[in-house]
Protein chains: 2
Amino acid sequence: MVGIREVAEVAGVSMSTVSQVVSGNRPVSAATRARVEAAITHLGYRAHPGASQLRGGRTGTIALIVPTLENPFYPLVAAGMQDVLVPRDILLTVTDASGMDRSTNAIHRLLSRRVDAMVAAPFGIPAAGLAELHDAGIPFVTLGEEPPGGGDYVHSDDVRGARAVTEHLIARGRRRIAFLGGEESVIPTQQRLEGYRAALQAAGLPLRDDDVVFTEYTRQGGRDGAALLLERDERPDAIVAANDLIAIGVLDVTRARGLRVPEDVALTGYDDIDAASLVSPPLTTIENPAREIGRACARLLLERLDGDVTEVTRAVALSNRLVVRDST
Amino acid sequence: MVGIREVAEVAGVSMSTVSQVVSGNRPVSAATRARVEAAITHLGYRAHPGASQLRGGRTGTIALIVPTLENPFYPLVAAGMQDVLVPRDILLTVTDASGMDRSTNAIHRLLSRRVDAMVAAPFGIPAAGLAELHDAGIPFVTLGEEPPGGGDYVHSDDVRGARAVTEHLIARGRRRIAFLGGEESVIPTQQRLEGYRAALQAAGLPLRDDDVVFTEYTRQGGRDGAALLLERDERPDAIVAANDLIAIGVLDVTRARGLRVPEDVALTGYDDIDAASLVSPPLTTIENPAREIGRACARLLLERLDGDVTEVTRAVALSNRLVVRDST
DNA sequence: CTGAAAGCGCTTACAG
DNA sequence: CTGAAAGCGCTTACAG
């Protein structure tokens with residue numbers, strides 16, 4: 001392998017000078033620089049990341065931990081992060097935490113690898129994992145909710161989105177609107193529920209406890225929840241699902257029962273994943289800007305890494321918008 | 001930071017011994033091992049990856065380059081790779097090459113980072129990129145087709161899959177079956193066409209040139225191809241689409257023309273992406289095991305890295321299976 | 001089974 | 001603006 005030494009020899013300068021040219025950490029005369037650069041090109045020199053890391057401290061790697069890679073929302077977050085990271089020549093490593101017994105393992109593993117920073121969806125990350133992250137003292141951003149103890153986070157305005165979608169149903173004449181959430185404990189569920197409630201309240205519609213059902217953020221979760229909601233005597237005339245996958249599960253049930261959407265029951269999703277426009281009928285939903293969210297995460301991290309941030313917590317709220325399709 | 005030196009002090013042994021305990025590269029007495037392990041736990045020691053890398057040579061990182069993260073097939077490949085890589089404590093870095101002018105940049109960048117191995121979808125990777133990869137001498141695997149010049153690759157058995165889906169249509173009584181392929185030049189297209197032909201031939205059905213149309217592997221490609229096939233006087237009574245996205249494009253056209261699927265024309269896809277079961281009618285298709293493909297890629301790489309492989313080229317063909325739904 | 005020492009390829013004070 | 005030298009935290013021959 002060709003190293004800094006070979007380059008220095010060919011260029012007729014010291015190893016320090018080669019290092020300065022590569023890193024730009026101190027001024028080098030134009031003539032010297034040109035000679036060094038010529039030698040680098042000629043020899044095909046590539047810095048050894050391990051060596052730089054050992055001295056410089058940083059690995060140039062940022063990690064993303066997601067609950068699952070099967071929900072297409074998360075790969076898009078990864079793509080957004082890359083939009084920002086690639087120009088800075090930072091590597092992104094993505095971990096699907098669903099396979100590991102506990103995401104704590106993922107955090108631990110990534111910390112051992114000395115990643116420079118991390119973004120994680122906090123859902124299901126046990127407190128111990130978050131604590132370890134805190135102790136490590138590296139910049140990190142959470143997705144969707146503020147980490148306990150404070151820290152940067154990025155979310156789209158869930159209260160507003162859920163409110164918009166519910167108001168849309170009310171405007172369409174629906175009166176008995178149910179809410180089908182994912183896991184009750186996570187903040188996005190709570191905020192979407194809050195938006196739903198706010199819309200009903202503003203319209204003077206009653207809030208009924210049994211119109212709110214919690215399940216999982218999956219297609220199967222949607223099936224389970226829909227089974228509950230739709231077997232009642234007094235069926236809702238609309239369902240606000242907390243994400244598209246849940247809504248798609250609801251469609252499975254309406255189809256099986258011969259219910260027409262939207263005639264018998266109107267339905268809305270959340271996120272606007274590709275599938276939302278492919279199902280039949282295509283879903284009215286809230287566009288959740290996954291890629292933008294990824295970009296924002298990466299930017300927050302980079303600012304911390306660049307050291308010009310003093311605030312403990314910064315929140316980035318991205319706006320979302322209603323996409324009306326045939327399911328309402 | 002606590003390093004090997006601190007651990008050695010606390011355990012009352014030399015730094016070498018600590019290193020041996022951590023790496024397992026040479027036998028250590030049980031008593032010593034226990035003392036060292038206690039010290040490691042007590043101090044919370046984590047090896048510095050940069051230092052190990054500088055000596056040991058490997059970064060413990062494997063890269064995956066995909067044409068896009070927006071096609072849900074690829075994130076699943078990534079998830080499959082992780083299934084295999086995580087237990088070996090190897091990091092996966094995923095690059096979406098769509099953003100970069102040329103994937104060559106991605107390859108170059110990853111090589112600079114000294115990733116230990118790489119898997120890439122060869123579609124659209126220019127020869128220069130592949131050549132650089134070859135020169136780097138690191139193990140790599142391609143997706144779907146053999147890399148020019150030879151090397152490991154993983155694909156599902158496309159001939160067999162396409163044959164199965166075509167035989168299924170014949171069994172359903174279809175006689176005039178068209179093939180709607182993606183780009184003619186890529187191997188998967190050629191193999192799926194071969195399977196389709198084999199099925200017709202075995203059934204004694206004629207092969208007509210004008211029943212074979214090539215387009216792009218996209219929804220729009222499907223629309224374009226369907227427009228050609230369905231405007232003829234003698235319409236086919238079935239269409240074998242070379243992937244699900246194409247089939248979904250066909251559905252757009254049948255819907256617009258008031259043709260019923262499967263009554264007027266039966267339709268099959270390929271891949272079984274989520275959307276295949278979401279469209280109406282849901283598609284009969286061939287399940288292309290993305291996650292399994294990812295696992296196989298990782299295993300091939302690991303075997304090379306472990307050094308017990310001498311063959312230049314190894315091909316892994318994964319079996320796929322017919323999924324029958326309402327479109328046939 | 002264990003230790004002392006060299007060295008992996010860089011970066012960064014320290015000098016000039 | 002440039003160079004010589006120390007050292008980052010490990011691993012691995014080399015000895016014993």
Which nucleotide, C/dG3, C/dT2, D/dC10, lies nearest any side-chain atom of B/Val28? C/dT2
Distance in angstrom units between A/Met15 CE and C/dG7 P, rounded: 14 Å
Integer-rounded Å distance: C/dT12 P and A/Arg58 CZ: 11 Å
Between B/Arg295 and B/Asp83, is a salt bridge (charged side-chain N to carboxylate O under 4.0 Å, His left out) present by the stated rule, with each step listed? CA-CA 7 Å; B/Arg295 288 192 186 128; B/Asp83 291 342; 2.8 Å; yes
When you get a sec, tell me which of C/dA4, D/dC10, C/dC10 is the closest nucleotide to the side chain of A/Ser52? C/dC10
Closest nucleotide among D/dG9, D/dT12, D/dG3 to the B/Ala51 side chain: D/dG9
Establish, with yes or no, whether the OP1 or OP2 oxygen of C/dG3 is under 4.0 angstrom from a side-chain nitrogen or oxygen of B/Ser16. no
A/Gln20 has an atom CD; how far is it from atom C1' of D/dT2, in whole Å? 9 Å
Assuming nearest nucleotide by heavy-atom distance, tell me which of A/Ser14 and B/Gly3 is located more 5' along DNA chain D. A/Ser14
C/dC10 C1' sits how many Å from A/Arg46 CZ, rounded? 17 Å
I need the CD-P distance between A/Glu6 and C/dC10, as an integer number of Å. 8 Å
Does the side-chain contact (heavy atoms from CB on, under 4.5 Å) test come out yes or no for A/Arg109 and B/Leu91, once each step is laid out? CA-CA 9 Å; A/Arg109 182 168 159 262; B/Leu91 227 50; 3.9 Å; yes
In terms of heavy-atom contacts, does CG of A/Asp274 have more than 12 from other residues, nucleotides or ligands at under 6.0 Å? no
d(CZ, A/Arg5; P, D/dG3) in whole Å: 15 Å
On DNA chain C, more 5' by nearest nucleotide between B/Pro27 and B/Arg114 is B/Pro27
Spacing between B/Leu54 atom CG and D/dT12 atom C1', to the nearest angstrom: 13 Å
Between D/dC10, C/dC10, D/dC1, which one does the side chain of A/Ile4 approach most closely? C/dC10
Rounded off to whole Å, could you give me the CD-to-P distance for the B/Glu9 and C/dA4 pair? 12 Å
Sugar-phosphate, base or nothing in reach of A/Val22, heavy atoms under 4.0 Å: nothing
Please name the nucleotide paired to C/dG3 by Watson-Crick or G-U wobble geometry with both distances under 3.5 Å, or report none. D/dC14
Examine C/dT2: is either OP1 or OP2 under 4.0 Å from a nitrogen or oxygen in the side chain of B/Thr32? Give yes or no. yes
Paired with A/Arg35, the side-chain contact (heavy atoms from CB on, under 4.5 Å) test is passed by just one of A/Val7, A/Val13, A/Val28, namely A/Val13
So, does B/Ser29 get its side chain near the phosphate of C/dC1, meaning an N or O under 4.0 Å from OP1 or OP2? no
Roughly how far, to the nearest 0.5 Å, is the OG1 atom of B/Thr17 from the CD atom of B/Gln20? 6.5 Å
Heavy atoms from C-beta onward define the side chain here; which of D/dC10, C/dG3, D/dG3 lies closest to that of B/Thr17? C/dG3
